[in-house]
Novice: 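Mind looking over this structure? Questions follow.
On a predicted model such as this, the values are computed, not experimentally measured, just so you know.
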Amino acid sequence: QGSGATGIRQFCLPSVLGAMPPKKGAVEEKPGPWLLGRFSKNLKVGLVGLPNVGKSTLYNSLSKSHHAEAANFPFCTIDPNETRAFMPDERFDWLVEQHKPKSEVQPYLTVVDIAGLIRGASKGEGLGNAFLSHIKAVDGIIHVMRAFEDDDVIHAEDTVDPVRDINTISSELRIKDISDLTGVMDNHMKKKTAEATKTPQTKKRWEENLASYEKILKFLEDGKDARNGMDIWTNHDIDVLNELQLLTAKPVLFAVNMNLHDYKRKKNKFLKPIFDWVQVNAPGSAIIPYCGAMENDLIELDAAGTAEKLKELEVTSALPKIIKTAFNMVNLINFYTAGPDEVRAWIIRKGYKAPQAAGVIHTDFERGFICAEVMAFDELKEKGSEAAMKAAGRYRQEGKTYEVQDGDVIFFKFNVTTSSKK
(Lines give C-alpha, C1' and ligand atoms only; values in the text may rest on other atoms or scores of the structure.)
Protein backbone atom coordinates (compact mmCIF):
# COMPACT_ATOMS: atom_id res chain seq x y z
CA GLN A 1 0.00 0.00 0.00
CA GLY A 2 1.07 3.59 -0.52
CA SER A 3 1.49 5.86 2.48
CA GLY A 4 -1.96 7.37 1.95
CA ALA A 5 -3.89 4.13 2.26
CA THR A 6 -4.04 1.27 4.66
CA GLY A 7 -5.85 -2.00 3.99
CA ILE A 8 -7.47 -4.38 6.38
CA ARG A 9 -8.98 -7.66 5.28
CA GLN A 10 -12.25 -8.42 7.05
CA PHE A 11 -14.80 -11.18 7.05
CA CYS A 12 -18.24 -11.79 8.55
CA LEU A 13 -20.03 -14.72 10.17
CA PRO A 14 -22.99 -16.25 8.37
CA SER A 15 -26.32 -16.19 10.12
CA VAL A 16 -26.81 -19.33 12.21
CA LEU A 17 -30.55 -18.98 12.28
CA GLY A 18 -31.12 -20.60 8.91
CA ALA A 19 -31.89 -17.42 6.98
CA MET A 20 -32.03 -18.05 3.26
CA PRO A 21 -30.39 -15.58 0.86
CA PRO A 22 -32.92 -13.07 -0.52
CA LYS A 23 -34.46 -13.93 -3.87
CA LYS A 24 -33.81 -11.68 -6.81
CA GLY A 25 -35.92 -8.58 -6.58
CA ALA A 26 -36.66 -9.25 -2.90
CA VAL A 27 -37.89 -6.30 -0.90
CA GLU A 28 -36.02 -4.97 2.15
CA GLU A 29 -36.69 -7.30 5.09
CA LYS A 30 -39.73 -6.44 7.19
CA PRO A 31 -38.94 -4.38 10.31
CA GLY A 32 -38.41 -6.92 13.04
CA PRO A 33 -37.36 -7.01 16.68
CA TRP A 34 -33.77 -6.40 15.53
CA LEU A 35 -34.72 -2.69 15.33
CA LEU A 36 -35.18 -2.72 19.10
CA GLY A 37 -32.18 -2.25 21.37
CA ARG A 38 -28.92 -0.38 21.54
CA PHE A 39 -27.14 0.29 18.27
CA SER A 40 -23.77 -0.72 19.68
CA LYS A 41 -21.07 -3.31 19.17
CA ASN A 42 -20.71 -3.84 22.94
CA LEU A 43 -23.76 -6.02 23.33
CA LYS A 44 -24.22 -8.70 25.99
CA VAL A 45 -26.63 -11.51 26.80
CA GLY A 46 -27.72 -12.43 30.31
CA LEU A 47 -28.57 -15.84 31.76
CA VAL A 48 -31.89 -15.44 33.57
CA GLY A 49 -33.95 -17.94 35.55
CA LEU A 50 -35.23 -18.94 38.97
CA PRO A 51 -32.67 -20.08 41.56
CA ASN A 52 -31.18 -23.55 41.01
CA VAL A 53 -32.32 -24.11 37.43
CA GLY A 54 -28.72 -24.39 36.18
CA LYS A 55 -27.71 -20.83 35.24
CA SER A 56 -24.32 -20.77 36.92
CA THR A 57 -23.50 -24.29 35.72
CA LEU A 58 -24.31 -23.20 32.16
CA TYR A 59 -22.27 -20.03 32.65
CA ASN A 60 -19.29 -22.05 33.86
CA SER A 61 -19.60 -24.35 30.85
CA LEU A 62 -19.85 -21.42 28.42
CA SER A 63 -16.75 -19.81 29.88
CA LYS A 64 -14.96 -23.15 30.48
CA SER A 65 -14.17 -21.97 34.01
CA HIS A 66 -15.60 -21.94 37.50
CA HIS A 67 -16.34 -18.20 37.63
CA ALA A 68 -19.80 -18.54 39.14
CA GLU A 69 -20.16 -20.32 42.47
CA ALA A 70 -22.70 -22.98 41.53
CA ALA A 71 -24.02 -23.42 45.05
CA ASN A 72 -27.30 -25.11 45.83
CA PHE A 73 -29.23 -22.19 47.37
CA PRO A 74 -30.93 -19.00 46.09
CA PHE A 75 -28.87 -15.83 45.59
CA CYS A 76 -25.46 -17.50 45.36
CA THR A 77 -24.95 -15.12 42.41
CA ILE A 78 -25.67 -11.52 43.41
CA ASP A 79 -23.13 -9.45 41.53
CA PRO A 80 -23.39 -10.51 37.91
CA ASN A 81 -20.42 -12.42 36.58
CA GLU A 82 -19.31 -11.68 33.05
CA THR A 83 -17.35 -13.84 30.63
CA ARG A 84 -16.52 -14.24 26.97
CA ALA A 85 -17.95 -17.40 25.45
CA PHE A 86 -15.82 -18.23 22.43
CA MET A 87 -17.80 -19.02 19.33
CA PRO A 88 -17.05 -21.93 17.00
CA ASP A 89 -16.69 -20.47 13.50
CA GLU A 90 -15.68 -22.37 10.38
CA ARG A 91 -14.84 -19.12 8.54
CA PHE A 92 -12.36 -18.12 11.23
CA ASP A 93 -10.84 -21.61 11.07
CA TRP A 94 -10.54 -21.36 7.27
CA LEU A 95 -8.74 -18.02 7.54
CA VAL A 96 -6.36 -19.39 10.14
CA GLU A 97 -5.65 -22.36 7.87
CA GLN A 98 -4.96 -20.03 4.92
CA HIS A 99 -2.75 -17.51 6.73
CA LYS A 100 -1.23 -19.60 9.55
CA PRO A 101 -0.88 -16.39 11.61
CA LYS A 102 1.37 -15.77 14.60
CA SER A 103 -1.67 -14.64 16.60
CA GLU A 104 -5.36 -15.66 16.63
CA VAL A 105 -8.21 -13.69 18.24
CA GLN A 106 -11.39 -15.70 17.78
CA PRO A 107 -15.01 -14.47 17.84
CA TYR A 108 -16.84 -14.45 21.16
CA LEU A 109 -20.12 -13.56 22.86
CA THR A 110 -20.19 -11.64 26.16
CA VAL A 111 -22.35 -13.55 28.65
CA VAL A 112 -23.52 -12.30 32.06
CA ASP A 113 -24.67 -14.65 34.82
CA ILE A 114 -27.56 -12.91 36.60
CA ALA A 115 -28.76 -14.07 40.02
CA GLY A 116 -31.89 -16.17 40.39
CA LEU A 117 -35.10 -14.19 40.08
CA ILE A 118 -38.00 -14.99 42.41
CA ARG A 119 -41.68 -14.08 42.60
CA GLY A 120 -41.98 -10.51 43.91
CA ALA A 121 -38.62 -9.36 42.49
CA SER A 122 -40.31 -6.38 40.82
CA LYS A 123 -41.33 -5.22 44.31
CA GLY A 124 -37.83 -5.72 45.68
CA GLU A 125 -38.28 -9.25 47.05
CA GLY A 126 -35.09 -11.26 47.43
CA LEU A 127 -32.70 -8.54 46.21
CA GLY A 128 -35.05 -8.22 43.23
CA ASN A 129 -34.29 -4.61 42.32
CA ALA A 130 -30.58 -5.33 41.91
CA PHE A 131 -31.30 -8.35 39.73
CA LEU A 132 -33.69 -6.42 37.52
CA SER A 133 -31.12 -3.66 37.03
CA HIS A 134 -28.61 -6.31 35.95
CA ILE A 135 -31.12 -7.57 33.36
CA LYS A 136 -31.64 -3.99 32.19
CA ALA A 137 -27.89 -3.77 31.45
CA VAL A 138 -27.89 -6.71 28.98
CA ASP A 139 -29.20 -6.70 25.41
CA GLY A 140 -30.63 -10.19 25.11
CA ILE A 141 -31.89 -12.81 27.55
CA ILE A 142 -31.17 -16.53 27.68
CA HIS A 143 -33.97 -17.97 29.82
CA VAL A 144 -32.53 -21.03 31.57
CA MET A 145 -35.36 -23.47 32.26
CA ARG A 146 -35.16 -26.50 34.50
CA ALA A 147 -36.73 -29.56 32.89
CA PHE A 148 -35.31 -32.30 35.11
CA GLU A 149 -36.35 -33.70 38.47
CA ASP A 150 -33.70 -34.28 41.12
CA ASP A 151 -34.42 -34.49 44.85
CA ASP A 152 -30.84 -33.41 45.58
CA VAL A 153 -31.26 -30.06 43.79
CA ILE A 154 -33.80 -27.89 45.58
CA HIS A 155 -36.20 -25.69 43.59
CA ALA A 156 -37.32 -22.21 44.68
CA GLU A 157 -40.98 -23.23 44.21
CA ASP A 158 -40.50 -26.80 45.61
CA THR A 159 -41.72 -28.53 42.43
CA VAL A 160 -40.37 -28.61 38.87
CA ASP A 161 -42.66 -26.75 36.47
CA PRO A 162 -40.75 -24.79 33.79
CA VAL A 163 -43.89 -23.11 32.37
CA ARG A 164 -44.85 -21.84 35.83
CA ASP A 165 -41.26 -20.61 36.23
CA ILE A 166 -41.20 -18.72 32.92
CA ASN A 167 -44.60 -17.21 33.68
CA THR A 168 -43.21 -15.99 37.00
CA ILE A 169 -40.18 -14.40 35.36
CA SER A 170 -42.09 -12.89 32.44
CA SER A 171 -44.62 -11.43 34.82
CA GLU A 172 -41.91 -9.89 37.02
CA LEU A 173 -40.19 -8.32 34.01
CA ARG A 174 -43.47 -6.94 32.71
CA ILE A 175 -44.47 -5.53 36.13
CA LYS A 176 -41.09 -3.77 36.31
CA ASP A 177 -41.59 -2.32 32.81
CA ILE A 178 -45.06 -1.05 33.72
CA SER A 179 -43.68 0.53 36.89
CA ASP A 180 -40.79 2.21 35.04
CA LEU A 181 -43.00 3.42 32.19
CA THR A 182 -45.57 4.83 34.63
CA GLY A 183 -42.77 6.82 36.26
CA VAL A 184 -41.62 8.13 32.87
CA MET A 185 -45.20 9.16 32.05
CA ASP A 186 -45.58 10.97 35.38
CA ASN A 187 -42.47 13.03 34.60
CA HIS A 188 -43.71 13.59 31.07
CA MET A 189 -47.03 15.02 32.32
CA LYS A 190 -45.18 17.49 34.53
CA LYS A 191 -43.57 19.00 31.41
CA LYS A 192 -46.87 19.45 29.56
CA THR A 193 -47.29 23.19 30.12
CA ALA A 194 -43.63 24.02 29.50
CA GLU A 195 -43.47 22.01 26.26
CA ALA A 196 -46.79 23.42 24.99
CA THR A 197 -45.63 27.03 25.34
CA LYS A 198 -42.25 26.61 23.58
CA THR A 199 -42.98 25.96 19.92
CA PRO A 200 -45.63 24.06 17.95
CA GLN A 201 -42.96 21.45 17.19
CA THR A 202 -42.16 20.77 20.88
CA LYS A 203 -45.89 20.55 21.67
CA LYS A 204 -46.39 18.06 18.84
CA ARG A 205 -43.36 16.02 19.95
CA TRP A 206 -44.70 15.93 23.53
CA GLU A 207 -48.08 14.70 22.26
CA GLU A 208 -46.46 12.05 20.02
CA ASN A 209 -44.39 10.74 22.92
CA LEU A 210 -47.44 10.61 25.18
CA ALA A 211 -49.38 8.68 22.53
CA SER A 212 -46.52 6.15 22.27
CA TYR A 213 -46.23 5.81 26.05
CA GLU A 214 -49.97 5.17 26.37
CA LYS A 215 -49.93 2.65 23.51
CA ILE A 216 -46.96 0.74 24.98
CA LEU A 217 -48.43 0.83 28.51
CA LYS A 218 -51.74 -0.67 27.33
CA PHE A 219 -49.83 -3.40 25.45
CA LEU A 220 -47.92 -4.31 28.62
CA GLU A 221 -51.02 -4.15 30.82
CA ASP A 222 -52.71 -6.58 28.44
CA GLY A 223 -50.05 -9.09 29.45
CA LYS A 224 -47.91 -8.79 26.32
CA ASP A 225 -44.14 -8.29 25.99
CA ALA A 226 -42.92 -5.21 24.09
CA ARG A 227 -40.85 -7.24 21.62
CA ASN A 228 -44.03 -8.94 20.36
CA GLY A 229 -45.63 -5.72 19.11
CA MET A 230 -43.56 -5.20 15.97
CA ASP A 231 -46.67 -5.47 13.81
CA ILE A 232 -48.21 -2.43 15.53
CA TRP A 233 -45.21 -0.29 16.54
CA THR A 234 -44.59 2.76 14.35
CA ASN A 235 -41.07 4.10 13.74
CA HIS A 236 -41.75 6.66 16.47
CA ASP A 237 -42.88 3.92 18.88
CA ILE A 238 -39.63 2.05 18.16
CA ASP A 239 -37.58 5.19 18.89
CA VAL A 240 -39.45 5.57 22.19
CA LEU A 241 -38.96 1.89 23.05
CA ASN A 242 -35.23 2.21 22.40
CA GLU A 243 -35.08 5.18 24.76
CA LEU A 244 -37.03 3.29 27.43
CA GLN A 245 -34.90 0.10 27.11
CA LEU A 246 -37.72 -2.03 28.54
CA LEU A 247 -36.91 -5.49 29.87
CA THR A 248 -39.63 -7.10 27.75
CA ALA A 249 -38.29 -5.49 24.57
CA LYS A 250 -35.13 -7.60 24.76
CA PRO A 251 -34.85 -10.64 22.46
CA VAL A 252 -35.00 -14.02 24.17
CA LEU A 253 -34.00 -17.63 23.69
CA PHE A 254 -34.86 -20.57 25.90
CA ALA A 255 -32.16 -22.98 27.09
CA VAL A 256 -33.90 -26.07 28.47
CA ASN A 257 -31.81 -27.95 31.04
CA MET A 258 -32.52 -31.71 30.86
CA ASN A 259 -31.00 -34.86 32.33
CA LEU A 260 -28.67 -36.83 30.07
CA HIS A 261 -31.19 -39.57 29.25
CA ASP A 262 -33.82 -37.05 28.11
CA TYR A 263 -31.26 -34.90 26.30
CA LYS A 264 -30.03 -37.86 24.25
CA ARG A 265 -33.53 -38.63 23.04
CA LYS A 266 -34.62 -34.94 22.95
CA LYS A 267 -37.83 -35.80 24.74
CA ASN A 268 -39.45 -35.40 28.14
CA LYS A 269 -42.80 -34.39 29.61
CA PHE A 270 -41.78 -30.73 29.98
CA LEU A 271 -40.77 -29.98 26.38
CA LYS A 272 -44.23 -29.84 24.78
CA PRO A 273 -45.67 -27.38 27.37
CA ILE A 274 -42.54 -25.21 26.96
CA PHE A 275 -42.92 -25.28 23.18
CA ASP A 276 -46.60 -24.35 23.39
CA TRP A 277 -45.85 -21.47 25.79
CA VAL A 278 -43.09 -20.06 23.56
CA GLN A 279 -45.30 -20.14 20.45
CA VAL A 280 -47.86 -17.96 22.22
CA ASN A 281 -45.63 -15.70 24.33
CA ALA A 282 -42.35 -15.43 22.42
CA PRO A 283 -43.09 -16.47 18.81
CA GLY A 284 -40.00 -16.95 16.68
CA SER A 285 -37.68 -17.40 19.68
CA ALA A 286 -35.34 -20.39 19.72
CA ILE A 287 -35.72 -23.30 22.16
CA ILE A 288 -32.46 -25.19 22.70
CA PRO A 289 -32.37 -28.31 24.93
CA TYR A 290 -29.06 -29.02 26.68
CA CYS A 291 -27.73 -31.16 29.52
CA GLY A 292 -26.16 -28.99 32.21
CA ALA A 293 -24.73 -31.91 34.19
CA MET A 294 -22.99 -33.34 31.11
CA GLU A 295 -21.63 -29.94 30.00
CA ASN A 296 -20.32 -29.41 33.53
CA ASP A 297 -18.40 -32.70 33.33
CA LEU A 298 -16.65 -31.44 30.18
CA ILE A 299 -15.35 -28.20 31.71
CA GLU A 300 -11.94 -29.52 32.76
CA LEU A 301 -11.34 -31.42 29.51
CA ASP A 302 -9.36 -30.07 26.57
CA ALA A 303 -10.67 -30.19 22.99
CA ALA A 304 -9.48 -33.76 22.39
CA GLY A 305 -10.83 -34.98 25.73
CA THR A 306 -14.17 -33.28 25.11
CA ALA A 307 -14.49 -34.89 21.68
CA GLU A 308 -13.64 -38.30 23.13
CA LYS A 309 -16.17 -37.97 25.97
CA LEU A 310 -18.96 -36.83 23.61
CA LYS A 311 -18.22 -39.78 21.31
CA GLU A 312 -18.38 -42.13 24.28
CA LEU A 313 -21.75 -40.66 25.36
CA GLU A 314 -22.99 -40.59 21.74
CA VAL A 315 -24.15 -36.98 22.01
CA THR A 316 -23.14 -33.53 20.77
CA SER A 317 -22.76 -30.44 22.91
CA ALA A 318 -25.51 -27.82 22.61
CA LEU A 319 -23.22 -24.97 23.68
CA PRO A 320 -22.06 -23.93 20.18
CA LYS A 321 -25.69 -23.64 19.11
CA ILE A 322 -26.59 -21.61 22.21
CA ILE A 323 -23.67 -19.21 21.63
CA LYS A 324 -24.30 -18.73 17.90
CA THR A 325 -28.04 -18.31 18.33
CA ALA A 326 -27.61 -15.75 21.12
CA PHE A 327 -24.99 -13.86 19.09
CA ASN A 328 -27.38 -13.52 16.16
CA MET A 329 -30.32 -12.85 18.47
CA VAL A 330 -28.80 -9.55 19.61
CA ASN A 331 -28.04 -8.70 15.97
CA LEU A 332 -24.27 -8.99 16.10
CA ILE A 333 -22.14 -10.00 13.13
CA ASN A 334 -18.39 -10.51 12.78
CA PHE A 335 -15.83 -9.24 10.38
CA TYR A 336 -12.20 -10.25 10.41
CA THR A 337 -8.75 -8.87 9.86
CA ALA A 338 -6.56 -11.56 8.37
CA GLY A 339 -2.92 -11.82 7.48
CA PRO A 340 0.31 -13.62 8.41
CA ASP A 341 0.66 -11.67 11.67
CA GLU A 342 -2.87 -12.09 12.96
CA VAL A 343 -6.31 -13.44 12.15
CA ARG A 344 -8.77 -11.55 14.33
CA ALA A 345 -12.55 -11.45 14.68
CA TRP A 346 -14.15 -8.04 15.25
CA ILE A 347 -17.73 -7.58 16.39
CA ILE A 348 -20.27 -5.13 14.95
CA ARG A 349 -24.02 -4.76 15.15
CA LYS A 350 -26.15 -5.56 12.12
CA GLY A 351 -26.73 -2.34 10.18
CA TYR A 352 -23.23 -0.83 10.55
CA LYS A 353 -22.01 1.07 7.50
CA ALA A 354 -18.49 0.46 6.20
CA PRO A 355 -16.93 3.51 7.97
CA GLN A 356 -18.46 2.45 11.32
CA ALA A 357 -17.10 -1.05 10.85
CA ALA A 358 -13.67 0.41 10.09
CA GLY A 359 -13.91 2.54 13.23
CA VAL A 360 -14.20 -0.56 15.40
CA ILE A 361 -10.56 -1.25 14.54
CA HIS A 362 -9.41 2.33 15.07
CA THR A 363 -11.14 5.70 15.05
CA ASP A 364 -8.69 6.91 12.37
CA PHE A 365 -10.04 4.25 10.02
CA GLU A 366 -13.52 5.79 10.29
CA ARG A 367 -12.37 9.42 10.28
CA GLY A 368 -10.22 9.04 7.19
CA PHE A 369 -12.35 6.44 5.40
CA ILE A 370 -11.84 6.43 1.62
CA CYS A 371 -13.50 3.22 0.46
CA ALA A 372 -14.04 -0.43 1.20
CA GLU A 373 -12.97 -3.06 -1.29
CA VAL A 374 -15.38 -5.91 -0.71
CA MET A 375 -15.53 -9.61 -1.46
CA ALA A 376 -18.16 -12.09 -0.33
CA PHE A 377 -16.53 -14.68 1.90
CA ASP A 378 -18.29 -17.67 0.34
CA GLU A 379 -17.04 -16.59 -3.08
CA LEU A 380 -13.53 -16.05 -1.75
CA LYS A 381 -13.49 -19.55 -0.32
CA GLU A 382 -14.83 -20.95 -3.59
CA LYS A 383 -12.28 -19.07 -5.72
CA GLY A 384 -9.50 -19.76 -3.25
CA SER A 385 -7.68 -16.42 -3.25
CA GLU A 386 -7.96 -12.66 -3.56
CA ALA A 387 -6.19 -12.80 -6.94
CA ALA A 388 -8.77 -15.25 -8.26
CA MET A 389 -11.57 -12.99 -7.01
CA LYS A 390 -10.07 -10.03 -8.88
CA ALA A 391 -9.66 -12.11 -12.01
CA ALA A 392 -13.33 -13.08 -11.81
CA GLY A 393 -14.40 -9.45 -11.34
CA ARG A 394 -15.85 -10.15 -7.91
CA TYR A 395 -13.66 -7.65 -6.04
CA ARG A 396 -15.78 -4.51 -5.76
CA GLN A 397 -15.45 -1.00 -4.34
CA GLU A 398 -18.04 0.33 -1.88
CA GLY A 399 -18.42 3.79 -0.37
CA LYS A 400 -19.56 5.33 2.92
CA THR A 401 -23.19 4.24 2.59
CA TYR A 402 -22.41 0.55 2.15
CA GLU A 403 -23.91 -1.65 4.89
CA VAL A 404 -21.51 -4.40 5.88
CA GLN A 405 -23.09 -7.82 5.25
CA ASP A 406 -22.54 -11.19 6.82
CA GLY A 407 -19.78 -12.91 4.89
CA ASP A 408 -18.10 -9.76 3.56
CA VAL A 409 -14.35 -9.62 3.15
CA ILE A 410 -13.31 -5.97 3.24
CA PHE A 411 -10.06 -4.27 2.37
CA PHE A 412 -10.32 -0.76 3.87
CA LYS A 413 -8.52 2.26 2.53
CA PHE A 414 -8.23 5.36 4.64
CA ASN A 415 -6.21 8.57 4.79
CA VAL A 416 -5.76 10.81 7.80
CA THR A 417 -4.03 14.10 7.01
CA THR A 418 -4.35 15.78 10.42
CA SER A 419 -2.64 14.66 13.60
CA SER A 420 -4.74 12.28 15.64
CA LYS A 421 -4.93 11.51 19.35
CA LYS A 422 -3.81 8.03 20.16
Novice: With side-chain contact (heavy atoms from CB on, under 4.5 Å) as the test, would you mind laying out the steps for Asn209 and His236 before giving the verdict?
Specialist: CA-CA 8 Å; Asn209 285 346; His236 185 263; 2.9 Å; yes
Novice: Does the distance from a Lys or Arg side-chain N to an Asp or Glu carboxylate O, for Glu221 and Lys218, drop under 4.0 Å?
Specialist: no
Novice: Treating Arg146 as the side-chain partner and Gly49 as the backbone partner, does any N or O pair qualify as donor plus acceptor under 3.5 Å?
Specialist: no
Novice: Quick one: do Lys381 and Asp378 make a salt bridge, cutoff under 4.0 Å?
Specialist: no
Novice: Indicate yes or no: does Lys215 engage Asp237 in a salt bridge with an N to O separation below 4.0 Å.
Specialist: yes
Novice: Does His188 have any ring-ring contact (aromatic ring centres under 6.0 Å, His included) partners at least two apart in sequence or in another chain, and if so, which?
Specialist: Trp206, Tyr213
Novice: Atom NZ of residue position Lys272 - does it have more than 12 heavy atoms of other residues, nucleotides or ligands inside 6.0 Å?
Specialist: no
Novice: What I want to check is whether the side chains of Thr159 and Arg164 have a donor and an acceptor closer together than 3.5 Å.
Specialist: yes
Novice: Please walk me through it: do Tyr59 and Asn81 pass side-chain contact (heavy atoms from CB on, under 4.5 Å)?
Specialist: CA-CA 9 Å; Tyr59 175 89; Asn81 293 282; 3.4 Å; yes
Novice: Mind checking what makes side-chain hydrogen bond (donor to acceptor under 3.5 Å, both in side chains) contact with Glu373, not counting sequence neighbours?
Specialist: Tyr395, Gln397, Lys413
Novice: Donor-acceptor pair, Asp408 side chain versus Gln405 backbone, under 3.5 Å?
Specialist: yes
Novice: Quick one: are Thr316 and Leu310 in side-chain contact, heavy atoms under 4.5 Å?
Specialist: no
Novice: Out of curiosity, Asn328 CG to Ile323 CD1, how far, rounded to the nearest 0.5 Å?
Specialist: 12.5 Å
Novice: For a side-chain contact (heavy atoms from CB on, under 4.5 Å) check, start with the C-alpha distance between Phe148 and Val160, then their side-chain angles and the critical distance, and finish with the verdict.
Specialist: CA-CA 7 Å; Phe148 67 91; Val160 176; over 6 Å; no
Novice: Which heavy atom in Arg396 sits nearest to a heavy atom in Tyr402, and how many Å separate them?
Specialist: NH2-OH, 3.1 Å
Novice: Please name all residues satisfying side chain to side chain contact (heavy atoms under 4.5 Å, CB included) with Arg394, sequence neighbours left out, ordered by chain then number.
Specialist: Glu379, Met389, Ala392
Novice: Quick check against the 3.5 Å criterion: does Asp165 have a side-chain atom that pairs as donor or acceptor with the backbone of Thr168?
Specialist: no
Novice: Taking all non-hydrogen atoms of both residues, which atom of Met145 and which atom of Pro162 are closest, and how far apart?
Specialist: CE-O, 3.5 Å
Novice: Among residues two or more places apart or on two chains, list those pairs meeting salt bridge (charged side-chain N to carboxylate O under 4.0 Å, His left out) that have a residue in residues 279-292.
Specialist: none
Novice: Got a second to check how far Thr337's OG1 is from Ile410's CD1, nearest 0.5 Å?
Specialist: 12.0 Å
Novice: Side chains of Arg367 and Asp364: closer than 4.5 Å at any heavy-atom pair?
Specialist: yes
Novice: So, the side chain of Thr306 versus the backbone of Asp302: is there a donor-acceptor pair under 3.5 Å, distance only?
Specialist: yes
Novice: Got Leu220 and Leu246 here, is their nearest side-chain heavy-atom distance under 4.5 Å?
Specialist: yes
Novice: Does the Asp177 side chain pair with the main chain of Leu247, one donor and one acceptor, at a distance under 3.5 Å?
Specialist: yes
Novice: Once ring-ring contact (aromatic ring centres under 6.0 Å, His included) is applied, do any residues pair with Phe219, and if so which ones, sequence neighbours excluded?
Specialist: Trp233
Novice: Where is the tightest heavy-atom contact between Gly46 and Ile114, given as atom of each residue plus distance?
Specialist: CA-CD1, 4.0 Å
Novice: In the structure I gave you, are the side-chain heavy atoms of Ile361 and Trp346 within less than 4.5 Å of one another anywhere?
Specialist: yes
Novice: So does Asn228 get a backbone contact from the side chain of Asp225, meaning a donor-acceptor N/O pair under 3.5 Å?
Specialist: no
Novice: Can you check whether Ile238 reaches Asn242 side chain to side chain, under 4.5 Å on heavy atoms?
Specialist: yes
Novice: According to side chain to side chain contact (heavy atoms under 4.5 Å, CB included), who are the partners of Gln98, at least two apart in sequence or on a separate chain?
Specialist: Trp94
Novice: Is Lys264 atom NZ crowded by more than 12 heavy atoms from other residues, nucleotides or ligands, each under 6.0 Å away?
Specialist: yes
Novice: List for me each residue that meets ring-ring contact (aromatic ring centres under 6.0 Å, His included) alongside Tyr352, sequence neighbours excluded, and say none if there are none.
Specialist: Phe39
Novice: Which atom pair, heavy atoms only, marks the closest approach of Leu95 to Ala338?
Specialist: CD2-CB, 4.1 Å
Novice: Any non-hydrogen side-chain atom of Val53 less than 4.5 Å from a side-chain atom of Asn257?
Specialist: no
Novice: Could you pull out all residues at least two apart from Leu319 that satisfy side chain to side chain contact (heavy atoms under 4.5 Å, CB included)?
Specialist: Leu58, Ser61, Leu62, Glu295, Ser317, Ile322
Novice: Without swapping roles, check the side chain of Lys266 against the backbone of Tyr263 for a donor-acceptor pair under 3.5 Å.
Specialist: yes
Novice: If you round to the nearest 0.5 Å, how far is CG of Asp276 from CG of Leu271?
Specialist: 10.5 Å
Novice: Does a sphere of radius 6.0 Å around CD in Glu342 hold more than 12 heavy atoms from other residues, nucleotides or ligands, not counting ones at 6.0 Å or beyond?
Specialist: yes
Novice: Among Val360, Asn334, Leu332, whose side-chain contact (heavy atoms from CB on, under 4.5 Å) with Ile348 holds?
Specialist: Val360
Novice: Can you name the residues that form a ring-ring contact (aromatic ring centres under 6.0 Å, His included) with Tyr290, not counting sequence neighbours?
Specialist: none
Novice: Tell me whether Lys250 contacts the main-chain N or O of Gly37 through its side chain, where contact means a donor paired with an acceptor under 3.5 Å.
Specialist: no
Novice: Please give me the minimum heavy-atom distance between Thr57 and Gly292, naming the atom from each residue.
Specialist: CG2-O, 3.7 Å
Novice: I need the full list of salt bridge (charged side-chain N to carboxylate O under 4.0 Å, His left out) pairs touching residues 95-107, with sequence neighbours left out, sorted by first then second residue.
Specialist: Glu97-Lys100, Lys102-Asp341
Novice: I need the Ile135 CD1 to Ile169 CD1 distance, nearest 0.5 Å.
Specialist: 7.5 Å
Novice: Identify each donor-acceptor pair in which a side-chain atom of residues 105-112 lies under 3.5 Å from a protein atom, sequence neighbours left out, and give them as a table.
Specialist:
{"from": "Tyr108", "atom 1": "OH", "to": "Arg84", "atom 2": "NH2", "distance (Å)": "3.2"}

Novice: Quick check: do Arg265 and Met258 have side-chain heavy atoms less than 4.5 Å from each other?
Specialist: no
Novice: For the backbone of Ala226 and the side chain of Thr248, can you confirm whether one donor and one acceptor N or O come within less than 3.5 Å of each other?
Specialist: yes
Novice: Do Met375 and Lys390 pass the side-chain contact (heavy atoms from CB on, under 4.5 Å) test, and can you show the C-alpha distance, the side-chain angles, and the key distance before you say yes or no?
Specialist: CA-CA 9 Å; Met375 299 179 284; Lys390 286 179 176 175; over 6 Å; no
Novice: For Ser170, check side chain to side chain contact (heavy atoms under 4.5 Å, CB included) against everything at least two apart and list the hits.
Specialist: Ile166, Arg174, Trp277
Novice: When you measure from the side chain of Glu314 to the backbone of Lys311, do you find a donor-acceptor pair of N or O atoms at a distance under 3.5 Å?
Specialist: no
